[in-house]
Chemist: 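Got a structure for you, questions after.
Sequence lines set the chain letters: A, B, ... in the order given, protein chains first and strands last, and positions in each chain run from 1. Predicted model only: the values in this text are computed from it and were never measured.
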Amino acid sequence: MPELPEVEVVRRGLAPAVTGSLVRAVTVLDERSLRRHAGPSEDFIDRLTGARLRAPERRGKFLWVPIEHAAPREAIVVHLGMSGQVLLRTPDAPRDRLTRIVLELDHPEHGAVRVDFVDQRIFGSMALDDLVRTLDRPAQRIPSQVAHIARDPLDPDFSERRFFAALARKRTTIKRALLDQTLVSGIGNIYADEALWAARIHYDQPTESLSRPRARALLAEVRSVLAKALAEGGTSFDAQYVNVNGASGYFSHSLNAYGRQGEPCPRCGRLIVREVFMNRGSHFCPRCQRVRAGRVSAN
DNA sequence: CCGGACTCCTGGTTGC
DNA sequence: TGCAACCAGGAGTCCG
């Protein structure tokens, strides 16, 4: 699935069901989905069973559910990878064929609920991880697996100053930078292409050649596209991305560049092109988005 | 520090 | 219709 808007849709959907719930039972159907859990699956099951869950949190594409009263403090960390889904089901609902992990919860008000982690490609994972303090906000604890991930652009504490400084420090090109989760998190291939299209920037434009106003404009487009996609429930091309109730998002109808190769650019009419970059498709308008000469920063 | 190659996987779609 | 090749929203590691 899953870039920031899709993961946030999942977080919001999960919140009312898991917050305050007690974990009654844990079933691991495929241990490969625990790849990022430090111990064996029995360890995951034993430590989680009987735990009381708190409200789910998110940074970038990582989602986690803190456990109450755990010492050291810990959380269930969920990453959806390319094809992960988190589904809320009634206890006796049939299981999806690709279900890898099942959590049976008991909510103090809503009663029994089942959380199914479904993942076709198994690039996603669940894990129990310690919550640690990080430098970027000492008052907050986040899973150790997420500590290297930058804040995302919809985070109220996202620092533009920091982002621009990190961008200036990098000797790379812009799409690579947008996809670098240690610079800014939550952006994946779809929204990188969409934001670059909106800002009229070529994916291979060197970051050091971007003026501050253009970098600022790009960040504004990133925020805008993420927010719009979130408002429309995320981007679904098929059943691979759905919310916790199994419903698709609508943002695929609003895409201007991603997956639109051969179709006219909505702005200028020139046909959108797809090129392979970083082993994946980059979609852009060859007229609106050209690599241009720009200032080379002094530092 | 940076980029490219390669890894983890399954299954739907495309093309012969 | 069969089957192989290709493609996919991510991200970590290793190597030059």
Chemist: Starting at CG of A/L63 and ending at P of C/dG9, how long is that distance when rounded to a whole Å?
Modeler: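 Atom CG in A/L63 sits about 21 Å away from atom P in C/dG9.
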
Chemist: Distance check: side-chain N/O of A/R97 vs OP1/OP2 of B/dT10, anything under 4.0 Å?
Modeler: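 No.
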
Chemist: Would you measure the distance from the P atom in C/dC6 across to the matching atom in B/dC6 and give it in whole Å?
Modeler: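 Each nucleotide's P atom is 15 Å from the other's.
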
Chemist: C/dG9, B/dC2, B/dC9: which one has an atom nearest the side-chain heavy atoms of A/R171?
Modeler: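 Nucleotide nearest to A/R171's side chain: B/dC2.
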
Chemist: Which one, B/dG11, B/dG3, C/dA11, comes nearest to the side chain of A/F62?
Modeler: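 The answer is C/dA11, which lies nearest to the side chain.
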
Chemist: Would you mind reading off the distance between A/D30 atom CG and B/dC8 atom P, rounded to a whole angstrom?
Modeler: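 Value for this atom pair: 15 Å.
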
Chemist: So, OP1 or OP2 of C/dG9: does either fall under 4.0 Å of a side-chain N or O from A/Y191?
Modeler: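 No, A/Y191 has no side-chain N/O under 4.0 Å of OP1/OP2 on C/dG9.
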
Chemist: Can you tell me if A/F123 is stacked onto the base of C/dA11, using a 5.5 Å centroid cut-off and an angle below 30°?
Modeler: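 Check failed, A/F123 does not stack on base of C/dA11.
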
Chemist: Just checking A/F237: base, sugar-phosphate only, or nothing, at a heavy-atom cut-off of under 4.0 Å?
Modeler: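 The answer is base, as A/F237 lies within the cut-off (heavy atoms under 4.0 Å) of a base atom.
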
Chemist: Just checking A/R54: does its CZ atom have more than 12 heavy atoms from other residues, nucleotides or ligands closer to it than 6.0 angstrom?
Modeler: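 Atom CZ in A/R54 is not crowded, with 12 or fewer foreign heavy atoms closer than 6.0 Å.
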
Chemist: May I have the distance from A/Q145 (atom CD) to C/dG10 (atom C1'), rounded to whole angstrom?
Modeler: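 After rounding, the gap between these two atoms is 14 Å.
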
Chemist: For A/R52, does the CZ atom have more than 12 heavy-atom neighbours from other residues, nucleotides or ligands under 6.0 Å away?
Modeler: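 More than 12 heavy atoms, drawn from other residues, nucleotides or ligands, come within 6.0 Å of this atom.
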
Chemist: Can you check whether A/G281's main-chain N or O pairs, donor with acceptor, with A/N189's side chain at less than 3.5 Å?
Modeler: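 Present.
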
Chemist: Considering just the side-chain nitrogens and oxygens of A/R36, establish if one lies under 4.0 Å of OP1 or OP2 belonging to C/dA11.
Modeler: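 Negative; the distance criterion is not met.
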
Chemist: Please report the distance separating the C1' of B/dT10 from the corresponding atom of C/dT13, rounded so that it comes out in whole Å.
Modeler: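 Each nucleotide's C1' atom is 22 Å from the other's.
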
Chemist: How long is the line joining CZ of A/R280 and P of C/dC7, in whole Å?
Modeler: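 After rounding, the reported distance stands at 14 Å.
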
Chemist: Any side-chain N or O of A/Q181 under 4.0 Å from OP1/OP2 of C/dG10?
Modeler: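 For C/dG10, OP1/OP2 do not have a side-chain N/O of A/Q181 under 4.0 Å.
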
Chemist: Can you identify which nucleotide, out of C/dG12, B/dT10, B/dG4, has its nearest atom closest to the A/R176 side chain?
Modeler: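 So the nucleotide nearest the side chain must be B/dG4.
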
Chemist: Do side-chain atoms of A/R270 reach the backbone of A/C285 as a donor and acceptor pair under 3.5 angstrom?
Modeler: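 Checked: no pair found.
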
Chemist: Check every atom of B/dT10, B/dG3, B/dC8 against the side chain of A/R35 and return the nucleotide holding the closest atom.
Modeler: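 My answer, after comparing the listed nucleotides, is B/dC8.
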
Chemist: Looking only at the side chain of A/K170 (C-beta and beyond, no hydrogens), which of the listed nucleotides B/dT10, B/dC2, C/dG9 gets closest?
Modeler: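 Side chain of A/K170 sits closest to B/dC2.
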
Chemist: So which nucleotide from B/dG3, C/dA11, B/dT10 ends up closest to the side chain of A/T172?
Modeler: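 Selected nucleotide: B/dG3.
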
Chemist: From CD of A/Q85 over to P of C/dG10, roughly how many Å is that when rounded to an integer?
Modeler: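 Rounding to the nearest Å, CD of A/Q85 and P of C/dG10 are 15 Å apart.
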
Chemist: Within the 4.5 Å heavy-atom criterion, are A/F284 and A/L196 side-chain neighbours or not?
Modeler: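 Contact flag for A/F284/A/L196 side chains = no.
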
Chemist: Applying a 3.5 Å limit to both distances, which nucleotide forms a Watson-Crick or G-U wobble pair with C/dG9?
Modeler: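 With both distances under 3.5 Å required, C/dG9 matches none.
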
Chemist: Are the side chain of A/D129 and the backbone N or O of A/V77 linked by a donor-acceptor pair below 3.5 Å?
Modeler: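 Flag not set: sc A/D129 to bb A/V77 has no pair under 3.5 Å.
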
Chemist: Which listed nucleotide (B/dG11, B/dC9, C/dG10) is nearest to the side chain of A/E3?
Modeler: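 Out of B/dG11, B/dC9, C/dG10, the nucleotide with an atom closest to A/E3's side chain is C/dG10.
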
Chemist: Between A/G281 and A/H148, which residue's closest nucleotide on DNA chain C lies nearer the 5′ terminus?
Modeler: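 Its nearest nucleotide lies further toward 5', so the answer is A/G281.
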
Chemist: Can you check the A/R100 CZ to B/dG11 C1' distance for me, whole Å?
Modeler: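 For the pair A/R100 CZ and B/dG11 C1', the rounded distance is 11 Å.
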
Chemist: In whole Å, what is the span from the NZ atom of A/K61 to the P atom of C/dG9?
Modeler: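 Checked: the NZ to P distance equals 10 Å.
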
Chemist: With a 6.0 Å cut-off (strictly less than), is the heavy-atom count around CD of A/E263, excluding the residue itself, greater than 12?
Modeler: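 Buried by this count: over 12 neighbours within 6.0 Å.
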
Chemist: For the P atoms, the ones on C/dG9 and on B/dT13, what distance do you get once it is rounded to whole angstrom?
Modeler: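 Rounded to whole Å, the distance is 16 Å.
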
Chemist: Mind checking if A/L179 touches a base, just sugar-phosphate, or nothing, with heavy atoms under 4.0 Å?
Modeler: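 Nothing, no heavy atom under 4.0 Å.
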
Chemist: Could you tell me whether the phosphate oxygens of C/dA11, OP1 or OP2, come under 4.0 Å of any side-chain nitrogen or oxygen in A/H79?
Modeler: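 Indeed, a polar side-chain atom of A/H79 lies that close.
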
Chemist: What is the base-pairing partner of B/dC9, counting Watson-Crick and G-U wobble geometry with both distances under 3.5 Å?
Modeler: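 Paired with no nucleotide.
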
Chemist: To the nearest Å, how far apart are A/D180 CG and C/dG10 C1'?
Modeler: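 In whole Å, C/dG10 C1' lies 13 Å from A/D180 CG.
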
